[in-house]
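Have a look at the structure below before the remarks.
The figures here come from the full heavy-atom set of this structure, side chains too, leaving out hydrogens, waters and symmetry mates.
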Amino acid sequence: MNRYLPVARQHFLAALASTSVVVKSISAVVVLIYLLSWAVDAPYALGVTPGYLFPPNFWVWTLVTHGVVEQHAWGVAANVGTVMACGRLLEPLWGALELLIFFAVVNVSAGLLAGLSYLLTYVATFDLDYLFAVRVHGAAGFLGGVLVALKQTAGDTTVLRVPQVRLKAAPALVLLLLALLRLSGMLDTSADLAAYSYGALSGWVYLRFYQRHSRGRGDMSDHFAFASFFPEALQPAVGLLAGLVHAALVKVKVCRKMVKRYDVGAPSSITISLPGTDPQDAERRRQLALKALNERLKRVEDTSAWPSMDDDEEDEDEVRTDAQPLLPGPPAVPVGTSPSSASSSSVSHSGGGPSGGGAQHPESSIISFEDAPSRS
């Protein structure tokens, strides 16, 4: 185990060196707050506590800081790993500024919605533990947003081959895993489950309706619909419910209606495009095309091989067969025999009479031609 640690450390430092300033800054803040948590209660001061978030206390700074607060080393590794994965996979498509905006939107929304849900739970149960004993902090909220973004950009990427799991199913699988851990008692509170759920939801809403890019805002493609996060058996019912909610939000002008754009001035036929599909769909189609091309080239290399020795032997046998004549030639003439005697002997052998018990009259081997009588 010790011999693998230097290799892992080298790969980690190389990956960290190739990232942007945004990724390095967030990772440094996570490590620094983890070191400070040994001396002070960082989750209390920087994490979201529902009872202190809303008036009269109004600790609004915790909405910004709760995403970088960790108490355990494995939490620091998960947080830094999530940020670095986002920097390697999403930052080349979005840019450093857009990555920072996405980080802020997801963390603030996840902290606010989680605090509000615990406040409503207190109103229903009058249990003060939901207000002051809960600490929402860590990378769970941002992890949900990152998995949703990866589903948008590289959803067809295979994560596991046996069983086959694609990246587009990762958000639902991680949510199911956190729910099972909470039900089994391995998680003390439901704060991580709530933060992950609201982080994934806020990330989807931002990418679906509000993210700005070269072709407009949002991504209204079908593969990124809300129903696509659920199993195929539940997608029709979820799609109907999501359509009703979206129509209600459009009426109150929280969300905008899905609009198709027609490029009539194109040199070719009329092209129809949905706003928000150009960067993400183009990158997804490019990755699929590269994957299909690599698989096809691999199959061609496997089928093309050097000819074997058996093929060469079969070719030599065919050449030998073709060299033999179809009909036997004349017999060989012994040395010292005249051609006339050889020809007469061949005729005598070929034209023999019927064999019988009586005397046989040998036929002459000399054929003579007489002049025919002339007609008067």
Side-chain angles (χ1 to χ4, degrees), residues 54 63 90 93-95 97-120 123 141-142 144-155 168-172 175 194-266 270-285:
F54 301 102
L63 295 176
L90 298 178
L93 303 177
W94 295 350
L97 180 59
E98 181 62 30
L99 176 61
L100 183 60
I101 294 175
F102 182 74
F103 179 81
V105 168
V106 170
N107 282 306
V108 171
S109 301
L112 180 61
L113 293 175
L116 183 60
S117 64
Y118 278 109
L119 178 62
L120 295 178
V123 172
F142 187 59
V146 170
L147 290 179
V148 169
L150 293 178
K151 177 188 183 301
Q152 179 195 28
T153 57
K168 61 183 179 181
L175 178 62
Y196 176 84
S197 303
Y198 290 125
L201 179 61
S202 59
W204 176 79
V205 171
Y206 174 75
L207 296 175
R208 181 75 169 176
F209 300 104
Y210 300 105
Q211 187 186 38
R212 293 184 178 273
H213 42 75
S214 60
R215 297 298 298 272
R217 296 174 59 183
D219 182 7
M220 305 301 293
S221 58
D222 294 334
H223 82 278
F224 196 56
F226 185 74
S228 64
F229 290 87
F230 294 85
E232 295 182 358
L234 301 177
Q235 287 184 4
V238 175
L240 178 61
L241 181 61
L244 296 176
V245 174
H246 179 259
L249 294 177
V250 168
K251 288 184 178 181
V252 297
K253 297 183 179 181
V254 175
C255 297
R256 59 188 181 87
K257 187 184 296 186
M258 185 177 65
V259 180
K260 293 183 178 180
R261 299 191 306 175
Y262 298 88
D263 190 4
V264 185
I270 297 177
T271 58
I272 303 174
S273 61
L274 296 176
T277 59
D278 182 62
Q280 294 83 5
D281 287 349
E283 179 63 21
R284 187 169 61 90
R285 287 193 297 269

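Rounded to the nearest 0.5 angstrom, Leu150 CG and Gln152 CD are separated by 9.5 Å. With rounding to the nearest 0.5 angstrom, the OH atom of Tyr196 is 12.0 Å from the CG atom of Leu201. Here Leu234 contributes atom CG and Leu241 contributes atom CG; the two are 11.5 Å apart, rounded to the nearest 0.5 Å. Residue Leu90 holds its CG atom at 10.0 Å from CD of Glu98, rounded to the nearest 0.5 Å.
Side chains of Tyr210 and Arg217 form a contact here, defined as non-hydrogen atoms less than 4.5 Å apart. Using a 4.5 Å heavy-atom cutoff, the side chains of Leu112 and Tyr198 are not in contact. In this structure, the side chains of Trp204 and Val106 stay at 4.5 Å or more apart for every pair of heavy atoms. The shortest side-chain heavy-atom distance between Trp94 and Ile101 does not fall under the 4.5 Å cut-off. For the pair His246 and Phe226, the minimum side-chain heavy-atom distance is 4.5 Å or more.
The minimum heavy-atom distance linking Leu63 with Gly111 is given by the pair CD2-C, 3.7 Å. Closest non-hydrogen pair, Ala200 versus Val148, comes out as O-CG2, 3.7 Å. Of all non-hydrogen atoms in Gly141 and Ala110, the two that sit nearest each other are CA-CB, 4.3 Å. Nearest approach of Phe102 to Ala149, heavy atoms of both residues: CZ-CB, 4.3 Å. Across Gln235 and Phe230, no two heavy atoms sit closer than the pair NE2-O, 3.1 Å.
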- Worked check of side-chain contact (heavy atoms from CB on, under 4.5 Å) between Phe229 and Lys168: CA-CA 8 Å; Phe229 290 87; Lys168 61 183 179 181; over 6 Å; no
- Stepwise side-chain contact (heavy atoms from CB on, under 4.5 Å) check, Ser202 with Val105: CA-CA 8 Å; Ser202 59; Val105 168; 5.5 Å; no
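Arg208 places no side-chain N or O within 3.5 Å of a backbone atom of Gly203 that could act as its donor or acceptor partner.
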